[in-house]
Protein chains: 2
Amino acid sequence: MTVLALRRDEPTSSEMLAGSVGTNAAVIRRILSMLAKHGLVRSRLGAGGGALLARTADEITLAEVYRAVETGELICTHRCEPSSKCVVGARILDVLEPIRQRAESAMFTQLEQVRLSMVSTAVLEEADQPATAPAPELNTA
Amino acid sequence: MTVLALRRDEPTSSEMLAGSVGTNAAVIRRILSMLAKHGLVRSRLGAGGGALLARTADEITLAEVYRAVETGELICTHRCEPSSKCVVGARILDVLEPIRQRAESAMFTQLEQVRLSMVSTAVLEEADQPATAPAPELNTA
DNA sequence: TGCATCTGTGACCATAACGGTGACAGATAG
DNA sequence: CTATCTGTCACCGTTATGGTCACAGATGCA
């Protein structure tokens, strides 16, 4: 996504993205497909085509990206159903669920405050300051 | 942990816990071992033994439990190393890392506010208002 | 129009992660 | 002394995930 943000209106092929990420083009296309379904990315077919951001990098938050790509729950509780014959087992999921939701939404609140444009400019600024930059301060805090 | 909180000073065997959770005793012992290493749980060996809370349920937060049990990072970024030949690939991890940390600590802040005692009393309160009145047995047997 | 390019998607395999299971030494209560 | 229970290991099967190949369809271009 950062690459797409930096390349603006120039389509980027999945082959090229795969090179940057260090993986296979089909994997990139798979992920791109998920992003497209959530309206974050669109693609141009044919020769010279590739992926483009569907909106400006300023209108995309990391929370949206996360939700598009990550399917399962952030905090997974019980993989197996607890025994309903035990007082605790019968109730624990109902008790834990609102807690899980609070924790999860706290994290999303943070991710919503980071826009893709912040990430791309931070990458460029790091590239400007070679070798010594330890902590890139994304101003949002 | 909730079961241990409710049973107070009475040791609970891994066999019994396994019954409540719906899994194998060895799995419980594996998890109990992790909790013990973090000082949340202690165990009594020999006949009539079992697991006990190392502190009161009021002194244990869900954040501690989470940290003890969950090993990997909450939000995992790149599984494979991005290409260092790409401007984005070379810098993206450094840029993303502080964002990840902010999001993660936001979640822990929530979990730190929930004590194990709150969970156990919530379970009991839910049990007090049942559609039908089940026998208050802790184990499944 | 024909060709090269690139997406979208499905199938398949290898690998990693994780829970389930059995086993066994050591500790301890009775 | 014996029954019980922990702590830990090894091992297996399942599941999730990424890597890879393949192929149809869309599109720009000569």
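Every heavy atom of this structure was used, including side-chain atoms; hydrogens, water molecules and symmetry mates were not. The chains referred to below are lettered A, B, ... by the order of the sequence lines, with proteins before strands, and numbering in each begins at 1.
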Between [N] ([atom2]) and [X] ([atom1]): distance, integer Å:
X	N	atom1	atom2	value
A:R30	D:dT17	CZ	P	11 Å
A:L45	C:dA4	CG	P	18 Å
B:R42	C:dA27	CZ	C1'	16 Å
A:M16	C:dC6	CE	P	8 Å
B:L17	D:dC5	CG	P	12 Å
A:K37	C:dG8	NZ	C1'	9 Å
B:I31	C:dG20	CD1	C1'	12 Å
A:E70	D:dA16	CD	P	14 Å

Next on the checklist: Quick one, A:S14 with A:R29, criterion side chain to side chain donor-acceptor pair (under 3.5 Å). Give me CA distance, side-chain angles, the key distance, then yes/no.
Outcome noted: CA-CA 6 Å; A:S14 57; A:R29 287 203 286 269; 3.1 Å; yes

Item to check | Upstream residue (5' side of DNA chain D) when A:R29 and A:R44 are each assigned their closest nucleotide | outcome: A:R29

Checklist entry - Among D:dT20, D:dA10, C:dT7, which is the nearest nucleotide to the side chain of A:N24? => result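 Nearest to the side-chain atoms of A:N24, counting from C-beta on, is D:dT20.
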
Item to check | Nearest to side-chain heavy atoms of B:A47, which nucleotide of C:dT5, D:dT20, C:dA29 | outcome: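 Out of C:dT5, D:dT20, C:dA29, the nucleotide with an atom closest to B:A47's side chain is C:dA29.
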
Item to check | For B:V41 against B:M1, the heavy-atom pair lying closest together | outcome: CG2-SD, 3.9 Å

Does [X] place a side-chain N or O at less than 4.0 Å from the phosphate oxygens OP1/OP2 of [N]?
X	N	answer
B:S43	D:dG7	yes
B:S33	D:dT8	yes
B:T23	C:dG20	yes

Checklist entry - Under 3.5 Å, is there a donor-acceptor pair linking the side chains of A:R115 and A:T61? => result no

Checklist entry - Taking side chain as C-beta onward, heavy atoms only, is A:V3 less than 4.5 Å from A:V21? => result no

Item to check | Close side-chain approach of A:E59 to A:T56, heavy-atom, < 4.5 Å | outcome: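 With C-beta onward as the side chain, the pair touches.
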
